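If you're wondering where the values come from, they're calculated on a predicted model, not measured in any experiment.
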Amino acid sequence: MKIAIVTAGGAGMFCGSCMHDNTWARGLRAAGHDVTLLPLYTPIRVDEDDQSTRRVFLGGINIYMDSKSRVWRGIPRVLTRWLDSRWVMKLVSKLAISNDAKHLGQLTIATLQGDAGPQVREVRELAAYLGDELRPDVICFSNAMLAGAAAAVRKRFTGKMYCLLQGDDIFLQDLPEPYRTQAIELMHAHSSGFDGLIVHSRFYRDFMSELLSIPAERFSQLPLGIDFTGHDGAPARPASQPFTIGFFARICPEKGLQNSLAAFRLFHGEHPASRFIAGGYLGVRDRAFFREQMRSIGDLGDAVRYLGSPDSLAGKAEFYQSCDLFSVPTTYREPKGLPVLESLANGTPVVQPNHGAFPEMLGRTGGGVLVPPTDPAALAAAWGELFRDGARREELSRAGHAGVREHYSISRMVAASEALFSHE
């Protein structure tokens with residue numbers, strides 16, 4: 001089967017959706033399929049072998065200028081195409097570029113307008129490449145924000161076309177009005193051009209069905225899949241000295257670092273020999289938030305450490321294996337939660353908020369416990385119970401280590417994808 005996955009570059013940051021799409025493409029290729037992973041806006045950044053094409057469509061500089069300047073739109077495309085090159089995009093991604101939805105309302109609507117909007121040239125280039133040159137059997141857009149190009153692609157492509165929803169809501173929620181309402185209306189309109197919509201959890205199916213006013217029966221659920229190569233932590237390891245709580249995610253309020261630190265202050269008060277380590281990508285937008293959070297626990301000294309963002313799988317696996325417990329207490333309802341799966345794959349049990357995809361995830365794997373969302377006291381109490389009950393902690397570790405391999409393997413994700421894409 002010939003498959004095209006259209007993904008969105010993360011403007012230089014490690015992006016969970018990019019990582020998922022990269023792993024998905026690699027798994028499908030290993031199963032014998034001809035897969036093209038096509039980045040839009042910027043190149044993707046992942047901590048494994050990059051499976052994406054060298055060419056970037058709808059380059060971020062050009063689509064931004066298209067949305068701002070009629071004069072720019074009149075410049076011959078041959079004179080602006082070089083700005084879509086991979087080296088330019090990587091250079092620009094290192095600068096202080098905002099990917100904050102609060103500042104991107106106009107650009108978001110322009111992008112969702114597709115070839116009816118100011119980015120008509122770039123959108124038609126993408127459509128021509130997919131429909132006339134690549135000509136796959138299946139095209140999958142990896143988030144609904146990319147759906148603006150779907151109508152133009154449909155004019156040139158008669159095969160199956162899907163849209164994967166995996167975190168679109170968090171950007172939508174931050175869009176100011178009237179852009180938020182306009183974006184939802186456009187996403188709803190574009191949904192009719194797809195043969196189906198894909199989600200990773202029942203929670204997200206129901207949530208996005210209501211948000212976008214799309215019948216739930218149009219959604220199919222594919223399991224998340226991670227590559228266990230390198231995630232070789234043994235289950236039921238002896239407790240570390242000192243006992244260590246871990247957090248690994250993008251450093252931002254939505255991922256709940258502030259909840260983890262507030263809980264650790266309580267936990268550390270009862271267990272002074274404990275420590276807390278955090279890792280993950282820290283972007284320009286969230287540096288002030290991070291500085292504020294670190295000041296708030298400055299009196300705890302070396303008990304709290306931020307280790308940055310490992311740029312290799314080995315470094316990330318080492319992080320998980322250095323933790324006795326792991327938590328990413330998100331403030332929003334997470335539709336994926338890849339770090340939780342990675343922690344379980346390394347034998348480290350988790351304590352997660354009882355919302356989003358986490359109840360389904362822990363229900364399948366048995367690798368952790370759930371606590372009320374945004375409740376640092378409850379989080380600290382759960383850590384304390386597992387600190388005192390080593391047998392229970394080891395039980396969760398073994399269950400999670402086995403459960404994630406049973407339910408969240410690449411092979412399982414690939415088999416479900418094959419069944420969906422080949423279904424008449």
Side-chain angles (χ1 to χ4, degrees), residues 6-13 15 17-18 38-44 55-130 141-155 163 167-191 193 212 283-285:
V6 183
T7 191
M13 74 176 180
C15 164
S17 296
C18 294
L38 200 65
L40 305 191
Y41 313 144
T42 69
I44 66 172
R55 185 174 178 183
V56 177
F57 285 84
L58 278 78
I61 298 172
N62 275 311
I63 66 168
Y64 176 80
M65 293 303 298
D66 283 343
S67 71
K68 293 293 185 180
S69 170
R70 185 171 297 177
V71 173
W72 185 270
R73 297 197 294 272
I75 298 174
R77 182 73 175 116
V78 68
L79 299 179
T80 64
R81 189 174 286 112
W82 69 275
L83 292 170
D84 296 340
S85 61
R86 200 176 180 94
W87 71 268
V88 173
M89 290 289 96
K90 285 189 173 182
L91 176 63
V92 171
S93 296
K94 295 178 182 178
L95 304 178
I97 298 174
S98 173
N99 57 4
D100 189 340
K102 296 181 179 66
H103 305 139
L104 297 176
Q106 180 184 357
L107 180 59
T108 298
I109 300 306
T111 302
L112 283 168
Q113 287 172 337
D115 65 349
Q119 298 161 10
V120 55
R121 296 185 302 181
E122 289 83 356
V123 169
R124 288 179 179 174
E125 281 183 359
L126 173 66
Y129 176 76
L130 287 169
F141 288 82
S142 76
N143 71 63
M145 292 295 174
L146 308 179
V153 172
R154 215 15 130 189
K155 294 172 186 175
C163 185
D168 313 74
D169 62 300
I170 192 169
F171 187 86
L172 281 172
Q173 289 168 358
D174 283 344
L175 279 176
E177 293 292 1
Y179 301 117
R180 181 177 184 273
T181 296
Q182 291 172 7
I184 290 173
E185 290 172 351
L186 285 166
M187 290 164 71
H188 171 82
H190 291 318
S191 68
L212 300 180
V284 174
R285 187 198 75 168

Might you point out which heavy atoms bring D168 and A144 nearest each other, and give the distance in Å?
OD2-N, 2.5 Å
Measuring from atom CE of M145 to atom NE2 of H190, what distance do you get when rounded to the nearest 0.5 angstrom?
11.0 Å
Can you name the residues that form a side chain to side chain donor-acceptor pair (under 3.5 Å) with T80, not counting sequence neighbours?
R77
Which atom pair, heavy atoms only, marks the closest approach of L126 to A149?
CD2-CB, 3.8 Å
Which residues pass the salt bridge (Lys or Arg N to Asp or Glu O under 4.0 Å) test with R81, not counting sequence neighbours?
E125
When you compare the side chain of P118 with that of Q113, does any pair of heavy atoms fall below 4.5 Å?
yes
Tell me, which pairs form a side chain to side chain donor-acceptor pair (under 3.5 Å) where one or both residues lie in residues 178-187, sequence neighbours left out?
E177-T181
Counterpart residues, side chain to side chain donor-acceptor pair (under 3.5 Å), relative to Q119 (two or more places apart)
T111
What distance do R121 atom CZ and I75 atom CD1 have between them, rounded to the nearest 0.5 Å?
7.5 Å
Exercise: identify the closest heavy-atom pair between A183 and L175:
CB-CD1, 3.9 Å
Counting neighbours of OH on Y64 that are heavy atoms of other residues, nucleotides or ligands and sit closer than 6.0 Å, is the number greater than 12?
no
Side chains of M65 and L83, heavy atoms from C-beta outward: is any pair under 4.5 Å?
no
Considering all heavy atoms of both residues, which atom of T42 and which atom of P39 are nearest to each other, and what is their separation?
O-CB, 3.7 Å
Find out whether L38 and Y129 are in side-chain contact, i.e. whether some heavy atom of one side chain is under 4.5 Å from a heavy atom of the other.
yes
Closest approach of P43 and R86, non-hydrogen atoms and distance?
CG-CG, 3.6 Å
Hey, are the side chains of V6 and F57 touching, using non-hydrogen atoms and a 4.5 Å cut-off?
no
Interatomic distance, H188 atom NE2 to L186 atom CG [nearest 0.5 angstrom]
11.0 Å
Sorted by chain and residue number, the side chain to side chain donor-acceptor pair (under 3.5 Å) partners of S17 (sequence neighbours excluded) come out as K336
Approximate separation, where rounding is to 0.5 Å, of R55 CZ and D84 CG
8.5 Å
Between L146 and A8, what is the shortest heavy-atom contact and its length?
CD2-CB, 3.9 Å
Which residues pass the side chain to side chain donor-acceptor pair (under 3.5 Å) test with W72, not counting sequence neighbours?
N62
Show, in sequence, the C-alpha distance, side-chain angles and deciding distance for F171 and T108, and conclude whether the side-chain contact (heavy atoms from CB on, under 4.5 Å) test is met.
CA-CA 10 Å; F171 187 86; T108 298; 3.3 Å; yes
Side chains of V123 and L58, heavy atoms from C-beta outward: is any pair under 4.5 Å?
yes
